Colleague: 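Sharing a structure, written as structure tokens. Questions coming.
Worth saying up front: this structure is predicted, and the values here are computed from it rather than measured. Below, each value reflects all heavy atoms present in this structure, side chains not excepted, and no hydrogens, waters or symmetry copies. In what follows, chains carry the letters A, B, and so on, assigned in the order in which the sequence lines appear, proteins first and then strands, with residues in each chain numbered from 1.
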Amino acid sequence: MLISCPFCGEREVAEFEFRCTLEERGATAAERLYFRLADPRRSLEHWQHVRGCRMWLELHRDLRTGRVLRTASVPVPPADGTGS
Amino acid sequence: MTARFRNPTGGSVDRSRTCRFTFDRQSLRGFAGDTLASALLANGVHLIGRSTKCRRPRGIFTAGPEEPNALGTLDPGDRQIPNVPLTVAPLADGLVFASQNRWPSLRFDLSSIAGVAGARFGAGFYYKTFMWPAWRWYEPLIRGLAGLGCAPKIGVDRPPRERHLDCDVLVVGGGAAGLSAARAAASRGAKVVLCEQDSSLGGELQFETATIDGRASSRWLIDSERELRVAGVELLTGTAVVGCYDDLLLALCQPAGYPGEADELLHIRAAARVLATGATERAIAFAGNDRPGVMLLGAVERFAARFAVRAGNEAVLFANHDRVYCAAQRLREAGIRIAAIVDPRARPELAVLEELERGGVRICNEQVVEQVLGGHRVSGVIVRHRDGVGTPTRISCDVLGASGGWTPALQLATQSGLAQRYDAQLGAFIPVSESATVIPAGAARGKLELAAALADGTAAGAVAATAAGRDAAPAERPALVSADPAPAVMPFWRVVGGDEKRQFVDLQNDVTVSDLRQAVAEGFREIEHVKRYTALGVGTDQGKTSGLPGAAILAEFLGKPLAEVGVSRPRPPTRPIPLGVLAGFRGAPGTVRPVRHTPLQADHVADGALMEPAGLWLRPRYYRDHGESLAAAAEFEAQRVRAAGGLFDASTLGKIEVAGPDAAAFLDRIYLARPSGIGIGRARYCVMLREDGMVLDDGLVLRLAAQHFLLTTSTHAAAAVLSHLEYHAACSAAELAVSCTDVTDAWAVIVVAGPRTRQLLRKVLPPAQWREPLEQLRHMDFHCGKWQSRPLRLLRASFSGELAYELHCAADAAPPLWRALRRHGAPDGVIPYGLEALDILRVEKGYLTSAEINGQVSPYDLRLDDMVKRSAPCIGSGLLARPALHEPSRPILVGLVAADATARLDAGAQLIAAARSTQSLGHVTSAVWSPALGRAVGLALLAREFAAHDREVVAADPLRARYTKARVTAAVHFDPTGERMRL
Ligand SMILES: [Zn+2]
């Protein structure tokens, strides 16, 4: 699998580490942990370019094909502090 | 001397190089260029093995990698290679190999004679039988029969090589289509790699007699290979594609072939791929079609053309297409008498038929082979009308060539994500080309005719080169070809009627027509379910010859069109490969694996330390001079720390600096115990949780300045903790201004522990600067200064229960500081100590390591309730209120003391209420023999409801038959009030 890091370019998956899949924002911690919606067509995940620039990335993946649809750096939440 | 079934001329074997080989203790001869299968057939050996389930005698069925039957064990013995397809493995002088699945011998297999296996393993046998209580009776029997071959006793001594390649165009398959694709792509300037699973290029062209552009096809082949080399195409023969993975990464394997040689694993990334994987001949199901001597028609042809080997002297051919007649002509030229050609179709209009009849070949149109006669070898067939009318006739023969047509090899196309559709003319599925970067070509998409395959390959090569960004160039002139016409195929899958239990569909797994009928009767409807229920196509051959016929017969029983039923999905590996190829590379000698040394590595080695790997680190386990054995040395070192003092290299601890205006607020979210309350110059023991509330790691937090902290982590958790901090800094706490920096390698840590510690430090640290801090530092205070003009932090903290200091110094200053401590400490009996002694000291004091913080414990389980109470809301704290975390069956940290002074405790032992109990109440996490207490002590995680002090439990280690009585105590075994470290 290849992942396109917004900072470093396209790299082998071995340089990255997966952390978690994400659910809709606003859900409680318990919901995020225990009531997951598994939509295989569009999995939103957090990965770190751990053997590269160490930045955290947001990946949209199609789990049926294993293809990375979109990569972005983890967004900075709005300044009003509603992000978490 | 030439073997009995070898023709004096013809073929591509090297008759000047004789190879002696041994098969099941029988000494035989072949030639260089033979496969093991062709060499056996040349000697008239047809009985090769027995089938896995029914133990029926089996022979050679194909001449290629699709072989279901003829698997053998190379070099039988400790290093043997099992399940080698004899139809692929090249012959070498002195080679020894053996048949499989027979006992005591191939000709006389007891289980088949006794009818043990003959009891018939019908469809779903395993599912119906692997159930208690019947399983109790079957198990010993099945265990003896189970498996395909035997694994080697000794692992590979040569690790596989691994290679990464990238190119513009990867062509898979070196037949007519593949060669022309490679040529077309290379002529457009593309960097091309071509791989072919066979040891030589050409595919079907090696066996055909055709002319291409006025040249014999054999000549064209030689010319093409030379042209491709000149054009810089990398040709990988003997290299099979294992599978297609994410982002179209192809894994390929070049198996060693011989024991002791190294396999090679290749990873190839290409801008475009041409899949010229050809087509596989398929079988027909009829009674006795598994007898040795029954093989695919194409196999009989290949053995004759390539190896000059006659698979028999008298053949019956059974096929549903025109090509059988041309094949018959060629086989006659190779010296095989054709007794009859059986064709279920009406008589086709072909000139060659009359020619064959004039030569004495009996042509049986609208007829089928009802039954094969013979035991260890075909002796004849019974032929009857396809509709069962008229009288059956018996025809003698010693080989039967059967062919049900050709199936495009779809494995790679499917794995690459291409769809497929049913082609009625071909009676098979073909891939739908919808991608510019994955391009099936030639027979792999149904272009069976040579001219069509060549033209298709050329076009595919051009498309691939364009997809790879090379210039489009004018189309080449199509080659002028004269060859066999495309075979007209009438789909024909099985002979209707007769004994369906002997009509085999999948030879490797003994799946019969009867099994498929039974599966449908039991309600199975989907091909994938039937595959798993009957084992159709799950063998090492992945049903290459049987998958489509199986699906077609299933479709017939379901009353559905084959197009609707489909074929089962082929998964990687498409060919069996040694597990060592996948597993053996990492960490093998000569491969790149970094080792992390602390700055004191040389000193430890000079002091005779036994260095132990911990992750990538090496750490001293004990010093050999301190005792005759590990236990003796560790005990001596631990005692010396408590009596005088010891030095320990703790440089492998993870060290992370956290700085920024919001550093304190950030750490309050990360840790329990509210680090924002730590004063400057103070340290605190803190614990961090995962999001689910389980303890992630523990360590000290030092406040260097108002906005500057230093964290220490366990050695093994350093990387995970750093990622955890970076993650929350980027995501959940993104509004906080903070930065995290790993400084593990910049600082060495020397622990000085024991009652004589302070006087030692007085000698080593210059008094002008250090006297005052040394006298005034309280537990968990630290002082920053210099030693020999390098930075030094002196922290008073203890992991041993003794008065102790951690000296954090610049990495380059560590060796002189260590030596100074050694020199000045020696007269007082201060010695270096290793991990074993450290473990004794910390278990005596009930301190935690990863043995207790195992990813499954909450802070309550570790009795950190007070710390939780003092905390601000932090990551994971919200989930600590889950009721399940407070149930009486949850484990909690306790101490254990062996009841008997001489008994030992074992880490990992299960805790049970009494000797015969089978219910585990918890387990021993750490155990040591304590010199301070004079008996074995340990730490354990024990269910809360059994964790009352002074309760007696049994530490059970059934594998070693050790049962030790122990008493439950507090986790702190030694100096419970902590007086010693407040000296
Ligand atoms: Zn990066």
Colleague: If we check side chain to side chain contact (heavy atoms under 4.5 Å, CB included) with B:D247, which of these qualifies: A:L2, A:V13, A:I3?
Modeller: A:L2

Colleague: With a 6.0 Å cut-off (strictly less than), is the heavy-atom count around CZ of B:R269, excluding the residue itself, greater than 12?
Modeller: yes

Colleague: Among B:G417, B:S723, B:A719, which residue forms the greatest number of heavy-atom pairs with chain A at distances under 4.5 Å?
Modeller: B:S723

Colleague: If you count the non-hydrogen atoms of other residues, nucleotides and ligands that lie under 6.0 Å from CD in B:E528, is the total more than 12?
Modeller: yes

Colleague: Among A:E12, A:E17, A:M55, which residue has the highest count of heavy-atom pairs closer than 4.5 Å to chain B?
Modeller: A:E12

Colleague: Does any heavy atom of chain A fall under 4.5 Å from the side chain of B:H728, the backbone, both, or neither of them?
Modeller: side chain

Colleague: Going by ring pair (Phe, Tyr, Trp, His ring centres under 6.0 Å), name the residues that satisfy it together with B:H886, two or more places apart in sequence or in a different chain.
Modeller: B:Y860

Colleague: Tell me, do B:E691 and A:C20 make a side-chain contact under 4.5 Å, heavy atoms counted?
Modeller: no

Colleague: Hey, does B:L722 have a side-chain heavy atom less than 4.5 Å from the side chain of A:R54?
Modeller: yes

Colleague: Tell me, for B:Y727 versus chain A, whether the close heavy atoms (under 4.5 Å) come from the side chain, the backbone, both or neither.
Modeller: both

Colleague: Is any side-chain N of the basic residue among A:R19 and B:E726 closer than 4.0 Å to the acidic one's carboxylate O?
Modeller: no

Colleague: Assess whether atom CZ of A:R42 is packed by more than 12 heavy atoms of other residues, nucleotides or ligands within 6.0 Å.
Modeller: no

